[in-house]
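Computed from heavy atoms alone, side chains included, the values below leave out hydrogens, waters and symmetry copies. Just so you know, these numbers come straight off a predicted model, no measurement behind them. A note on names: the letters A, B, ... follow the listed sequences, proteins ahead of strands, and every chain is numbered from 1.
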There are 2 protein chains.
Amino acid sequence: MEPKRIVVIGAGNVATHLTIALKNAGFSIVQVYSRDIANAEVLAVMAEASAIDNLKQLDVTADMYILSVSDGAIETIALEMPLVKGVVVHTAGSVPMDVLNRFNLYGVLYPFQTFTKDKELDFKKVPVLVEGNISHSKNVIMGVAQHISTRVQKADGEHRKALHVAAVFACNFVNHLYVLADELLEKQGMEFSLLEPLIRETTSKALSIKPLHAQTGPARRNDKQVMRMHQESLNGETFHHDIYALISESIIRTYETQRNSE
Amino acid sequence: MEPKRIVVIGAGNVATHLTIALKNAGFSIVQVYSRDIANAEVLAVMAEASAIDNLKQLDVTADMYILSVSDGAIETIALEMPLVKGVVVHTAGSVPMDVLNRFNLYGVLYPFQTFTKDKELDFKKVPVLVEGNISHSKNVIMGVAQHISTRVQKADGEHRKALHVAAVFACNFVNHLYVLADELLEKQGMEFSLLEPLIRETTSKALSIKPLHAQTGPARRNDKQVMRMHQESLNGETFHHDIYALISESIIRTYETQRNSE
């Protein structure tokens, strides 16, 4: 009863990693579509599929259609597709499932990781979030997802959105703090790599105990003298200074609230 | 000519890891001092040293004295110590070297890592920053440091301070962003561990290429629609909302400046 024949629409980073994982799990990839036939061919060769660049050539008998294209292109492509009977899914975090509601069976298969095309990655460990318009679609998508990942769970649009915002904080913003730290070191002729052991320890600690309990530093101790000294040293640098002040205040409030509720 | 006989003053996390590393590198630890003799004894046993809890008992013939105590206690202990001839160092990032200036030879040996007492750690990889009041002190301290770490470099008080502020951004503040992300997930009944693969990938990318070039996300793309949607979803939560706005603005400015200077 499992869907065996899959059509992949898109040939970018996510499509590539997903297709390889599906192929390795034993699924048959029948077609790879891309506007650019050369891109479609690269992936099609890897997947032993045919490459197409025209949606009219779409095999309408496949069990599943995976739209793994840019957020903005999902709706357009869905409208251009023939009305297939298989389950149609997209792979985007912040696009509602219902842009696919002209099909009978549809949903979302959202792999929650950043993918770099030429960098190998163990898909088994990638969390995959699944949504389906009816329970049959959901079960079919879950079944496929569980063949390629050990971390599959259901998540509706609200959950995916929360996860996306959380990732902005925990990844995009974290990287920017690294940028700010690097700027401070560069000014003194020091290398970012000096921070490496400390960064690795911070990350591993936050992942092994709850980050709330891993917090250290002057703001956690509410050490006003050190914080004042640091902020004075940042006076010429608007964003460093303001970010230092705001996050310190947020840390102080976090543990104040905790103290008051104890 | 190398100092062979070392006295350790303090028995906390840093003192413990440092003493073990020195012992393993072949130095002779002659005494361990702590106000609390029980603490001194635990470390003294490991280091095959004598434990003391009275600074009058200090062996005045040692080659080096390492004050590894809380920032506030360094000056007090330095004043209580006999005027020894060996090199006196402290191990603190944000305390000026000159609190030790009643001695002839003094300086700083600052291991740049967070230490947890019962957690083993490869000291060889810990960056150690060294300062000395005259070149002789500096050379002696460098010599000792190079026996326990492969990452020793000179750094004056200004450099140590910049490094400390950078660590607040790259470690303390990063952990707080994890806390904020965890709060968002918890509200939707989701686990922080969902972010683990993404966090690990972000960290490893920032450490392998410059973080400036690793930046991704809506602010990096200046995607105002997604940023507005995210901020609306954070409206009830002051710090989440304000931190989202400020860091996004800082990211936009960072790459704007870059674009303008190209």
Heavy-atom distances under 4.5 Å only: say whether [X] touches chain B with side chain, backbone, both or neither.
X	value
S233(A)	side chain
E201(A)	side chain
L180(A)	side chain
S193(A)	both
F173(A)	both

Does atom [atom1] of [X] have more than 12 heavy-atom neighbours, drawn from other residues, nucleotides or ligands, at distances under 6.0 Å?
X	atom1	answer
Q146(B)	CD	yes
Q188(B)	CD	yes
K154(B)	NZ	no

For chain B, which of [options] has the most heavy-atom pairs under 4.5 Å?
options	result
D71(A), L195(A), L194(A)	L194(A)
L198(A), V179(A), L234(A), L184(A)	L198(A)
E183(A), K125(A), M229(A)	M229(A)
S94(A), G217(A), C171(A), A167(A)	C171(A)
L185(A), I251(A), T202(A)	I251(A)
H164(A), H176(A), H230(A)	H176(A)

Item checked: Pair L207(B)-R200(A), side chain to side chain contact (heavy atoms under 4.5 Å, CB included): steps then yes or no -> CA-CA 9 Å; L207(B) 290 169; R200(A) 290 200 188 279; 3.7 Å; yes
Next item on the list: Scan for salt bridge (Lys or Arg N to Asp or Glu O under 4.0 Å) pairs involving residues 205-215 of chain B, sequence neighbours excluded, and state none if there are none.
Entry: D182(A)-K210(B), E186(A)-K210(B)
Notebook entry, point to check: By salt bridge (Lys or Arg N to Asp or Glu O under 4.0 Å), which residues pair with E249(B), not counting sequence neighbours?
Noted result: R253(B)
Note to self: Set out, in order, the CA-CA distance, both residues' side-chain angles and the distance that settles side chain to side chain contact (heavy atoms under 4.5 Å, CB included) for T203(B) and Y178(A), then state yes or no.
What the structure shows: CA-CA 9 Å; T203(B) 306; Y178(A) 294 154; 4.0 Å; yes
Go through [options] and name the one with the most non-hydrogen pairs under 4.5 angstrom from chain A.
options	result
S204(B), A170(B), A155(B)	A170(B)
L129(B), D122(B), V168(B)	V168(B)
Q215(B), H240(B), Q153(B)	Q215(B)
F169(B), F192(B), F112(B)	F169(B)
M190(B), E196(B), K187(B)	M190(B)
P218(B), S248(B), G189(B), A181(B)	A181(B)

Check: What are the two closest non-hydrogen atoms of L177(A) and V174(B), and how far apart are they?
Finding: CD1-N, 3.7 Å
Check: Which heavy atom in P211(A) sits nearest to a heavy atom in N175(B), and how many Å separate them?
Finding: O-ND2, 3.0 Å
Margin query: Run F239(B) and L246(A) through side chain to side chain contact (heavy atoms under 4.5 Å, CB included) and show every step you take.
Written below: CA-CA 8 Å; F239(B) 280 108; L246(A) 183 61; 4.0 Å; yes
